[in-house]
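Report on the structure given below.
The shown structure was predicted, so the numbers you read here are calculated from the model rather than taken from an experiment.
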Amino acid sequence: MKERFMNWLNIVLVADVFFVFASFAWFAIAVLGRSTGVNLGFDLWYSLWQPVFNPALGILMGGAIVSGIINQVSKRLNPK
């Protein structure tokens with residue numbers, strides 16, 4: 001059961017990492033566009049910050065912490 005949960009958690013975290021990287025790339029391009037006067041979606045990105053990108057970052061951080069705790073507890077319970 002633990003292995004299945006860890007595999008599922010790792011898949012979700014990998015997908016979330018790629019989503020966070022893509023959203024950062026969008027942010028960087030939108031900021032560059034805004035500084036040059038070209039609309040590349042900064043206002044849309046900013047409106048999605050609270051409902052989409054902020055929870056994605058929280059899930060990434062929380063999942064990394066949970067994964068680390070599970071690995072440490074597993075390592076201490078089975079010192080093979």
Side-chain angles (χ1 to χ4, degrees):
M1 180 73 174
K2 181 187 96 69
E3 289 297 320
R4 201 167 175 194
F5 174 74
M6 288 301 293
N7 285 338
W8 179 82
L9 181 63
N10 287 335
I11 289 170
V12 169
L13 289 177
V14 167
D16 196 32
V17 163
F18 283 112
F19 178 73
V20 168
F21 283 158
S23 62
F24 175 72
W26 180 16
F27 172 73
I29 291 168
V31 167
L32 287 174
R34 187 172 185 134
S35 69
T36 61
V38 178
N39 185 11
L40 294 176
F42 179 77
D43 295 328
L44 176 61
W45 187 94
Y46 189 73
S47 69
L48 293 174
W49 169 249
Q50 281 294 331
V52 178
F53 303 130
N54 206 357
L57 288 169
I59 290 169
L60 183 63
M61 287 186 250
I65 290 170
V66 167
S67 178
I69 289 172
I70 289 173
N71 285 333
Q72 286 297 321
V73 168
S74 171
K75 191 187 312 182
R76 292 190 184 195
L77 291 178
N78 297 325
K80 292 180 182 178

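Among residues at least two apart or in separate chains, there is no salt bridge (charged side-chain N to carboxylate O under 4.0 Å, His left out) pair with a member in residues 61-74. For residues 60-72, the set of pairs meeting the salt bridge (charged side-chain N to carboxylate O under 4.0 Å, His left out) definition, not counting sequence neighbours, is empty. Residue pairs meeting the side-chain hydrogen bond (donor to acceptor under 3.5 Å, both in side chains) criterion with at least one partner in residues 22-34, sequence neighbours excluded, are Arg34-Asp43. The salt bridge (charged side-chain N to carboxylate O under 4.0 Å, His left out) pairs that include a residue from residues 45-74 number zero, where partners must be two or more places apart or lie in different chains. Applying the salt bridge (charged side-chain N to carboxylate O under 4.0 Å, His left out) rule to pairs touching residues 49-59 yields nothing, sequence neighbours excluded.
Cluster membership for Met61 and Val52, using ILVMFWY side-chain heavy atoms within less than 4.5 angstrom, is shared. The hydrophobic cluster containing Trp49 does not contain Ile59, counting ILVMFWY residues as joined when their side-chain heavy atoms lie under 4.5 angstrom apart, directly or transitively. The cluster map of Ile, Leu, Val, Met, Phe, Trp and Tyr, joined by side-chain heavy atoms under 4.5 Å apart, puts Val31 and Phe53 in the same cluster.
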Donor-acceptor pairs are to be reported for all side-chain atoms of residues 8-22 against protein atoms at under 3.5 Å, with residues two or more places apart or in another chain.
from, atom 1, to, atom 2, distance (Å)
Asn10, ND2, Met6, O, 3.2
Asp16, OD2, Leu60, N, 3.1

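Scanning for side chain to side chain contact (heavy atoms under 4.5 Å, CB included) contacts around Val38 gives Thr36, Leu40, with sequence neighbours left out. Residues forming a side-chain hydrogen bond (donor to acceptor under 3.5 Å, both in side chains) with Asn71 (at least two apart in sequence, or on another chain): none. Here Gln50 pairs with Asn54 under the side chain to side chain contact (heavy atoms under 4.5 Å, CB included) rule; sequence neighbours left out. Checked against ring pair (Phe, Tyr, Trp, His ring centres under 6.0 Å), Phe27 has the following partners two or more places apart in sequence or in another chain: Trp45.
Apart from Leu77 itself, the hydrophobic cluster it occupies contains Ile65, Ile69, Val73, where clustering links Ile, Leu, Val, Met, Phe, Trp and Tyr at side-chain heavy-atom distances under 4.5 Å.
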